[in-house]
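Numbered from 1 within each chain, the chains take letters A, B, ... in sequence-line order.
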2 protein chains.
Amino acid sequence: MLDAIDAAILRELQNDARISNKELATRVNVAASTCLERVRALQRRGVLAGFHADADPAALGRPLQAYIAVRVRPHNRDVVEPFIRFVLDLPETIALSHIAGADDFLVHVAVRDAAHLQRLLLDGFTSRREVAHLETQLIFSHIRKWDVGPM
Amino acid sequence: MLDAIDAAILRELQNDARISNKELATRVNVAASTCLERVRALQRRGVLAGFHADADPAALGRPLQAYIAVRVRPHNRDVVEPFIRFVLDLPETIALSHIAGADDFLVHVAVRDAAHLQRLLLDGFTSRREVAHLETQLIFSHIRKWDVGPM
DNA sequence: ACAGGTTCCGAATACTCTTCGGGGTATGGC
DNA sequence: GCCATACCCCGAAGAGTATTCGGAACCTGT
């Protein structure tokens, strides 16, 4: 499915998506033209879904992160879809997971401080009729591994 | 802290980290040389923490994702630090959060299937002495917002 | 008004991207 | 074995981009 060269390309681009194609080609030991075609093939296949700058929320004035577990009632399409749109439109939202279990959603947010979080919870979430239950957990530290390797 | 041009640069690079500097300059309406210097300043300041390719776990043979909430006992430095290293070394791990609340860690994993998840839980986690409690939640869908804006 | 500092720009050179034709090499049919 | 097919890789070269640097414009406080 993915040979050694593709895997190496993936690894390098996950580590630094902004290296030049020539540099990438050198690191994975193929010609630049070959490398370029490989990268495009990976994109076409959907293995490489995109390239994103990673901004530090703390440096942008949001040093506090939290998970908000939400129960949405009734849990049907007409309620869930607007809720998802609402959450994704919040500037505080970093990620949203739809999960199986006692809670229905896990929202990862970055905020200025505790007061900001409180305001977000009270004005943003509990004021919505479909939100049946909230549980908030502060995040001390969040480490994201960028190197998702092939199996 | 961050003027309109920096914010625009951030937005564009979060959306596509691999656009050329010239294209970026065009989009944010400055000269290419200015744009280059701005990007470097944002990196120097730590606002732009890195550039990463986003690989699709499903396309790499790990279509199933889950959160594993872990309680670690005793919750002291000598136990916690090796545990963090262990989790980050697992190929299944995508992200790890150290949190405040009933649970101590939330581990985001991507696996092949339910059997793989079961094996990971039994052989990887519950077999470790410091793991006092586990709670696993399947993830139906996970949406990450890339545009963390300034305040 | 002016000195000091900062930010921006455009020109020019060095470097990189991208295309394309051609040459290897593996595979399968006969 | 031998050919046809498909695939992948490579290097050359024109088009395009990155990067540096000197100087102009613009604040800001005195």
Using rotation axes that map the C1' atoms of four end pairs onto the next four (five pairs an end), what angle separates the end axes of the helix from C:dA1-D:dT30 to C:dC30-D:dG1, to 10°?
30°
B:Leu42 vs B:Leu2 side-chain heavy atoms within contact, under 4.5 Å
yes
Between D:dC8 (C1') and A:Glu37 (CD): distance, integer Å
10 Å
Looking only at atom types and distance, does a side-chain atom of A:Asp16 sit under 3.5 Å from a main-chain N or O of A:Arg18, one as donor and one as acceptor?
yes
Can you measure B:Asp3 atom CG to C:dT7 atom P for me and round it to whole angstrom units?
10 Å
What residues form a side chain to side chain donor-acceptor pair (under 3.5 Å) with B:Gln43, not counting sequence neighbours?
none
With distance as the sole test, does B:Asp103 use its side chain to make a donor-acceptor pair with the main-chain N or O of B:Val70 at under 3.5 Å?
no
Atom pairs under 3.5 Å, N or O on each side, protein against nucleotides 24-27 of chain C: can you list them with distances?
none

Within residues 41-49 of chain B, residues whose heavy atoms come under 4.0 Å of DNA chain D:
none
How would you list, by chain and number, every residue that makes a ring pair (Phe, Tyr, Trp, His ring centres under 6.0 Å) with B:His142, sequence neighbours excluded?
B:His108
Donor-acceptor side-chain pairing of B:Thr136 and B:Tyr67 below 3.5 angstrom
no
Counting only heavy atoms not in B:Lys22 (residues, nucleotides, ligands), do more than 12 fall under 6.0 Å from its NZ?
no
Pairing residues for B:Arg38 by the side chain to side chain donor-acceptor pair (under 3.5 Å) criterion, not counting sequence neighbours:
B:Asp3, B:Asp6
Within one Ile-Leu-Val-Met-Phe-Trp-Tyr cluster: A:Val148 and A:Ile143, side-chain cutoff 4.5 Å:
no
Quick one, give me the B/S/- string for nucleotides 13-20 of chain C, reading 5' to 3', where B means a protein heavy atom under 4.0 Å from the base and S means that only happens at the primed atoms, P, OP1 or OP2.
---SSSB-
Pairs satisfying salt bridge (charged side-chain N to carboxylate O under 4.0 Å, His left out), at least one member in residues 26-36 of chain A, at least two apart:
A:Glu12-A:Arg27, A:Glu23-A:Arg27
Protein and nucleotides 22-29 of chain D: nitrogen or oxygen contacts under 3.5 angstrom:
none

Any side-chain donor paired with an acceptor under 3.5 Å for A:Glu92 and A:His116?
yes
Between A:Phe125 and A:Phe86, how do the two ring planes meet: parallel, tilted or perpendicular, split at 30° and 60°?
perpendicular
Output all residues satisfying side chain to side chain donor-acceptor pair (under 3.5 Å) with A:Arg85, sequence neighbours left out; order by chain, then residue number.
none
Filter on salt bridge (charged side-chain N to carboxylate O under 4.0 Å, His left out), then keep only pairs touching residues 52-69 of chain B, sequence neighbours left out; what's left?
none
Would you please name every residue forming a ring pair (Phe, Tyr, Trp, His ring centres under 6.0 Å) with B:Phe51, sequence neighbours left out?
none
Ignoring backbone atoms, establish whether B:Arg38 has a side-chain N or O less than 4.0 Å from OP1 or OP2 of C:dT7.
no
